[in-house]
Amino acid sequence: MTALTALFRDQALADDAADVLAPLRQQFVLPEGLIYLDGNSLGVLPRSVAARLLQVVTEEWGQGLIGSWNSAGWMAQPQRIGDKIARLVGAGPGELVVADSTSVNLFKVLSAALAMQREDAPGRRVVVSERSNFPTDLYIADSLCQQYGCRLRLVDNASELPAALDADCAVLMLTQVNYRTGALHPMAALSATAHAAGALTVWDLAHSAGAVPVALAADGADFAVGCGYKYLNGGPGAPAFAWVRPGLVGRSRQPLSGWLGHAAPFAFETGYTPAPGIQRFVCGTPPVLALAALDCGVDTLLSAEPLGGMAALRRKSLALTRSFIELVAGRCAGHGLLLVSPDADAGRGSQVCLAFEASSPAGQAGAAYAVVQALIGRGVVGDFRAGVQASGSANASAVALPDILRFGVTPLYTRFVDVWDAVEHLRLVLTSGEWQQARFAQRGAVT
Ligand SMILES: *Cc1c(COP(=O)(O)O)cnc(C)c1O
């Protein structure tokens with residue numbers, strides 16, 4: 001290592017030593033020697049989970065059996081954990097509930113928004129979103145559009161959103177932080193524009209809850225959903241959440257009218273009467289074991305509250321992603337890497353996305369995947385997101401999206417030295433050409 005690089009790595013170590021949030025990392029089980037930059041896909045395991053699950057299984061289930069629905073508070077978990085998540089996303093107690101998956105919750109809230117607009121403004125038949133939104137969101141929206149006689153209007157560039165919010169628009173549906181680019185939408189400004197145009201807003205917080213400060217009520221969101229297993233560290237397949245603006249929830253109807261969204265589920269009435277508040281967005285029985293793990297995951301974020309909470313986590317997240325961007329620019333120059341994420345701090349979530357210039361040696365098909373695999377081989381876990389070919393004929397405005405190398409930082413446990421080391425591994429993978437080895441081209445079922 002040259003004196004210069006040592007100096008910079010020392011700087012990263014010094015940044016960690018000065019970081020008041022550094023002790024929060026001790027809450028997690030992090031495999032020795034691994035640099036985990038994929039908390040945006042699956043958060044790491046909180047240390048408290050194993051003991052908590054053992055207790056739920058052996059005591060609450062094993063001994064308490066059916067009595068635990070009351071005595072262990074099982075039935076109240078979706079609201080109790082919902083109240084905790086509400087603190088992270090600028091919502092009040094009793095406004096947010098944990099249930100189902102993000103996809104299912106999106107189905108429920110988007111359906112509620114479309115039903116509301118069908119009553120209030122039947123002429124509005126368009127759902128506006130981004131072409132690069134997460135596919136499940138677009139699939140769900142497409143299905144609901146068919147059901148409601150609406151159509152999806154997808155913009156290629158976020159700058160086209162205000163113009164797309166016209167008199168036909170019923171709902172603006174966005175993921176607050178774009179999964180492919182890490183771009184952070186201005187929720188307050190877009191909600192205001194949507195409302196001025198007569199549209200309702202539906203926000204997916206999959207890459208923002210626990211990653212960036214979110215102010216649902218203050219920023220004028222109408223409906224929101226979010227994911228439990230990414231930045232909330234709730235474990236693989238953790239339940240998701242749903243929120244509806246308090247002024248709207250009383251008249252919102254969601255289509256999955258299951259018994260636990262009923263005003264009096266244990267009255268066993270023949271007809272459905274929705275619960276007065278957000279509880280109506282619950283469909284069936286809560287997944288108690290999964291909720292116990294999610295509860296531990298959410299607590300890892302709440303433990304940052306005495307240290308400045310989401311605002312402090314955001315400052316560290318931006319310092320980490322800024323450092324990642326600058327190190328890549330400085331140390332990986334000449335390899336054709338392009339920054340796909342916004343360079344301006346205010347416009348970036350908690351991830352850095354890179355792509356290769358088509359003309360660079362690594363610009364060939366499959367190279368981005370192989371580079372990510374070579375990094376994983378070195379113990380640096382980021383992920384790869386496949387590009388989308390321009391469709392040409394189907395929609396003349398469709399743009400090609402490049403293959404993406406994605407690196408998520410989680411300020412609860414990512415260190416500055418992790419960022420430094422990750423970029424050094426990236427530099428070595430590129431200068432050595434080791435990514436060209438055949439073993440790095442093999443694809444698993446999950447990428
Ligand atoms: C991760 C993610 C999801 C996941 O949905 P599931 O129903 O949990 O599979 C949905 N939307 C977005 C934007 C995501 O990033």
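What you see below is based on every heavy atom in this structure, not just the backbone, and it leaves out hydrogens, waters and symmetry mates. Counting starts at 1 for both ligands and their atoms, following the listed order.
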Worksheet entry | His185 side chain reached by Trp203 side chain, heavy atoms, under 4.5 Å |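 Yes, their side chains come closer than 4.5 Å.
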Fill in: side-chain contact (heavy atoms from CB on, under 4.5 Å) partner of Phe356, chosen from Asp403, Leu430, Leu338, Ile404
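Among Asp403, Leu430, Leu338, Ile404, the one that satisfies the side-chain contact (heavy atoms from CB on, under 4.5 Å) with Phe356 is Leu430.
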Worksheet entry | Over-ring placement of Arg443 relative to Tyr369, 6.0 Å and 45° cut-offs |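 Yes, Arg443 sits over the ring of Tyr369.
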Worksheet item: How would you list, by chain and number, the residues with a heavy atom under 4.0 angstrom from ligand 1?
Response: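 Contacts of ligand 1 under 4.0 Å: Ser101, Thr102, Ser103, Phe134, Thr136, Asp137, Thr175, Asp204, Ala206, His207, Tyr229, Lys230.
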Run the salt-bridge test on [X] and [Y] with the 4.0 Å N-O cut-off and return the result as yes or no.
X: Arg415; Y: Asp19; result: no
X: Arg25; Y: Asp418; result: yes
X: Lys230; Y: Asp38; result: no

